[in-house]
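Single-structure report; data block below.
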Amino acid sequence: MTRPYPQQAGGVLLTVLAFCLGLTLVFTLIANLLPQVEGEAPVEKEVDLGALTMDSFVALGETLFKGKGTCTLCHNNMGRAPDILASNMVQDGENRLKDERYKGKASDVEAYLRESMLDPSIYVVKGFGKKGSNDSVSPMPVVDKAPILLSQLEMDAVIAFMQAKDGNDVTVELPKEAPAEVAKTETSAAAPVESASTPEAVAAKYGCQACHSMMATESPVGPSLVDAKSRLNKEAIRQSIIDPAAVIAEGFVDMMPKDFGDKMTIRELDLIVDYLSADAAAPTPQDAVATTSTTSTTGENQ
Ligand code: HEC
Ligand code: HEC
């Protein structure tokens with residue numbers, strides 16, 4: 001049970017034994033912690049301030065991937081988008097870059113991953129394009145625009161996470177200064193999930209806007225919900241949310257998560273159903289400026 005360690009303890013048997021026991025404990029602890037830490041942070045960048053390490057940057061990326069980024073709404077094992085958590089994205093990225101269909105500007109994996117988030121249609125993974133587009137248009141929303149709205153730093157963190165999670169080298173640089181933003185995101189994402197009390201909060205909590213145009217943001221993945229009430233009555237709207245596969249809206253791929261019925265509280269479901277079937281489903285003014293639709297003819301809300 002002993003391990004090699006400095007010999008200076010000499011003949012004081014008891015002390016040695018006690019010391020030895022203690023060390024064994026410590027080594028066991030360290031041995032348990034090491035592989036994980038090494039796998040996630042193989043690259044040492046100059047960490048000029050103690051606050052932000054590559055480990056915590058990668059952890060931030062994971063939190064964003066699963067939370068604010070809404071990535072797991074689509075990137076899961078339902079087969080509607082590549083299952084990023086189950087794939088080695090560095091290997092996959094290298095293969096994409098070698099694909100003759102690739103016509104983007106990236107020359108390394110980091111750039112490919114960034115490009116995938118900022119300009120998803122420049123290269124569409126085979127079989128995952130928008131229905132009828134013959135893999136020329138991606139259904140993925142641009143992540144630096146509303147509603148996802150990741151900052152530069154947040155995108156870097158997500159890339160770091162996608163590289164690190166399979167033990168690959170992280171090539172993104174740590175931000176020079178740890179902005180307050182990081183701490184904020186980390187704590188707010190870690191906070192216990194509270195029941196949402198407004199339709200806006202329900203939409204944000206469940207990521208509806210990643211896929212639907214509603215509340216003044218736009219996404220082409222699912223049908224626009226701004227005018228849902230003109231197509232569906234209240235019961236049908238409720239049904240579409242708790243059992244989306246029952247009726248598939250024409251022209252769309254069946255990729256709406258199936259578990260909202262389990263996750264939402266009754267009050268949350270009521271809030272969003274009432275909102276979508278009410279007459280006043282108008283854009284909120286503070287968002288309208290950024291995403292004003294060019295096809296809007298009413299022009300009352302510039
Ligand atoms: C509304 C669904 C949706 C959301 C939300 C979404 N994606 Fe995607 N994403 C897709 C689909 C579908 C593809 C495959 C088509 C393509 O290549 O664009 C894709 C492709 C990708 C690729 C390229 C994958 C590969 O195998 O080459 C990356 C990287 C990626 N997404 C990252 C992200 C990240 C990070 C987020 C969150 C910040 C995100 N996506 C959010 C649907 C989505
Ligand atoms: C990952 C993408 C995605 C997310 C997230 C998502 N949806 Fe959907 N939704 C779709 C797609 C795609 C359709 C069309 C296919 C179908 O009918 O299932 C759809 C259909 C619907 C419909 C029926 C619309 C019609 O015109 O028939 C409603 C209502 C709806 N969604 C509400 C919601 C609400 C509310 C949320 C958030 C709680 C939400 N969706 C989250 C993708 C999504």
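Atoms within each ligand, like the ligands themselves, are counted from 1 in listed order. This is a predicted model, so every value here is computed, not measured.
- Ligand 2 is never approached by V202 to a heavy-atom distance shorter than 4.0 Å.
- Contact between M255 and ligand 1 is present, with at least one heavy atom of the residue lying under 4.0 Å from the ligand.
- When non-hydrogen atoms are compared, ligand 2 lies under 4.0 Å from the side chain of P257 (C-beta onward) but not from its backbone.
- Using a 4.0 Å cut-off between charged nitrogen and carboxylate oxygen, K234 and D274 count as a salt-bridge pair.
- Residue-ligand proximity, I248 to ligand 2, at heavy-atom distances under 4.0 Å covers atoms 15 (C), 16 (C), 17 (O), 18 (O).
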Take V273 and L271, measure what side chain to side chain contact (heavy atoms under 4.5 Å, CB included) needs, and give me the verdict at the end.
CA-CA 6 Å; V273 170; L271 277 167; over 6 Å; no

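- Protein N/O/S atoms closer than 2.8 Å to atom 8 (Fe) of ligand 1, listed by chain and residue number, are H75 NE2, M140 SD.
- With hydrogens and angles disregarded, a donor-acceptor distance shorter than 3.5 Å links the side chain of S219 to the backbone of A210.
- Contact annotation for L232 and ligand 2: only side-chain heavy atoms (C-beta onward) come within less than 4.0 Å of the ligand.
- At least one donor-acceptor pair under 3.5 Å links the side chain of S87 to the backbone N or O of D83.
- Ion pairing of R114 with E110 is present here, as a side-chain N (NZ or NE/NH1/NH2) and a carboxylate O approach within less than 4.0 Å.
- Within ligand 2, the atoms closer than 4.0 Å to a non-hydrogen atom of M264 are 38 (C), numbered from 1 in the order shown.
- Look at L113 and you'll find a heavy atom under 4.0 Å from some atom of ligand 1.
- Counting only distance, with no hydrogens or angles, the side chain of D169 and the backbone of T171 share no donor-acceptor pair below 3.5 Å.
- Residue, atom and distance of the protein heavy atom nearest to atom 26 (O) of ligand 1 are R96 NH2, 2.6 Å.
- The shell of residues lying under 4.0 angstrom from ligand 2, judged by heavy atoms, excludes M214.
- The nearest protein atom to atom 17 (O) of ligand 1, hydrogens excluded, is given as V125 N, 2.8 Å; this is a heavy-atom distance.
- Atoms of ligand 2 found under 4.0 Å from any heavy atom of Y206 (numbered from 1 in listed order, with element): 38 (C).
- Those atoms of ligand 1 that come under 4.0 Å of a heavy atom in T70, given as number and element, are 5 (C).
- Of all atoms in ligand 1, listed by their number and element, those nearer than 4.0 Å to a heavy atom of V158 are 35 (C).
- Closest to atom 41 (C) of ligand 2, if we only count protein heavy atoms, is F260 CE1, 3.4 Å.
- Distances below 4.0 Å separate heavy atoms of V253 from the following atoms of ligand 2: 12 (C), 15 (C).
- For Y206 (side chain) and Q209 (main-chain N/O), no donor-acceptor pair under 3.5 Å exists by modelled atom type.
- Around atom 8 (Fe) of ligand 2, protein N, O or S atoms at less than 2.8 Å comprise H212 NE2, M256 SD.
- The side chain to side chain contact (heavy atoms under 4.5 Å, CB included) with L118 is formed by just one residue from the set D144, L113, L150; it is D144.
- Put simply, the side chain of H212 gets close to the backbone of P223: a donor and an acceptor are under 3.5 Å apart.
- Classification of D135 and K130 as a salt-bridged pair fails, no side-chain N sitting under 4.0 Å from a carboxylate O.
- Residue-ligand proximity, V221 to ligand 2, at heavy-atom distances under 4.0 Å covers atoms 12 (C).
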Set out, in order, the CA-CA distance, both residues' side-chain angles and the distance that settles side chain to side chain contact (heavy atoms under 4.5 Å, CB included) for I241 and M264, then state yes or no.
CA-CA 10 Å; I241 298 170; M264 282 187 177; 4.2 Å; yes

Show every donor-acceptor pair shorter than 3.5 Å between a side-chain atom in residues 248-260 and any protein atom, with sequence neighbours excluded, or say none if there are none.
| residue | atom | partner | partner atom | Å |
| --- | --- | --- | --- | --- |
| D254 | OD1 | K258 | NZ | 2.8 |
| K258 | NZ | M256 | O | 3.0 |
| D259 | OD2 | K263 | NZ | 3.1 |

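- Of the protein's heavy atoms, A249 N, 3.6 Å lies nearest to atom 16 (C) of ligand 2.
- In this structure, the protein non-hydrogen atom closest to atom 27 (O) of ligand 1 is Y112 OH, 2.5 Å.
- Listed by number with element, the atoms of ligand 2 under 4.0 Å from a non-hydrogen atom of R231 are 25 (C), 26 (O).
- In L64, neither the side chain nor the backbone holds a heavy atom less than 4.0 Å from any atom of ligand 1.
- Here the protein heavy atom with the shortest distance to atom 12 (C) of ligand 1 is P139 CG, 3.4 Å.
- Counting atoms of ligand 2 from 1 in the listed order, those under 4.0 Å from a heavy atom of V247 are 16 (C), 17 (O).
- When the ring pair (Phe, Tyr, Trp, His ring centres under 6.0 Å) test is applied to F161, the partners found at least two apart in sequence or on another chain are F65.
- The shortest contact between atom 24 (C) of ligand 1 and any protein heavy atom is with M89 CE, 3.7 Å.
- At a 4.0 Å heavy-atom cut-off, ligand 1 touches P141 through the side chain alone.
- Q163 places no side-chain N or O within 3.5 Å of a backbone atom of A160 that could act as its donor or acceptor partner.
- Short contacts between ligand 1 and R80, defined as distances under 4.0 Å to a heavy atom of the residue, involve ligand atoms 12 (C).
- Salt bridge K68/E154: present, at least one basic N to carboxylate O contact under 4.0 Å.
- Considering backbone and side-chain N/O atoms, D254 never comes within less than 3.5 Å of an N/O atom of ligand 2.
- Using a 4.0 angstrom heavy-atom cutoff, G207 counts as in contact with ligand 2.
- Atoms of ligand 1 found under 4.0 Å from any heavy atom of V124 (numbered from 1 in listed order, with element): 15 (C), 16 (C), 17 (O).
- Heavy-atom proximity to F252, at under 4.0 Å, picks out these atoms of ligand 2: 14 (C), 15 (C).
- For ligand 1, the atoms sitting less than 4.0 Å from at least one non-hydrogen atom of L150 are 38 (C), numbered in the order shown with element in parentheses.
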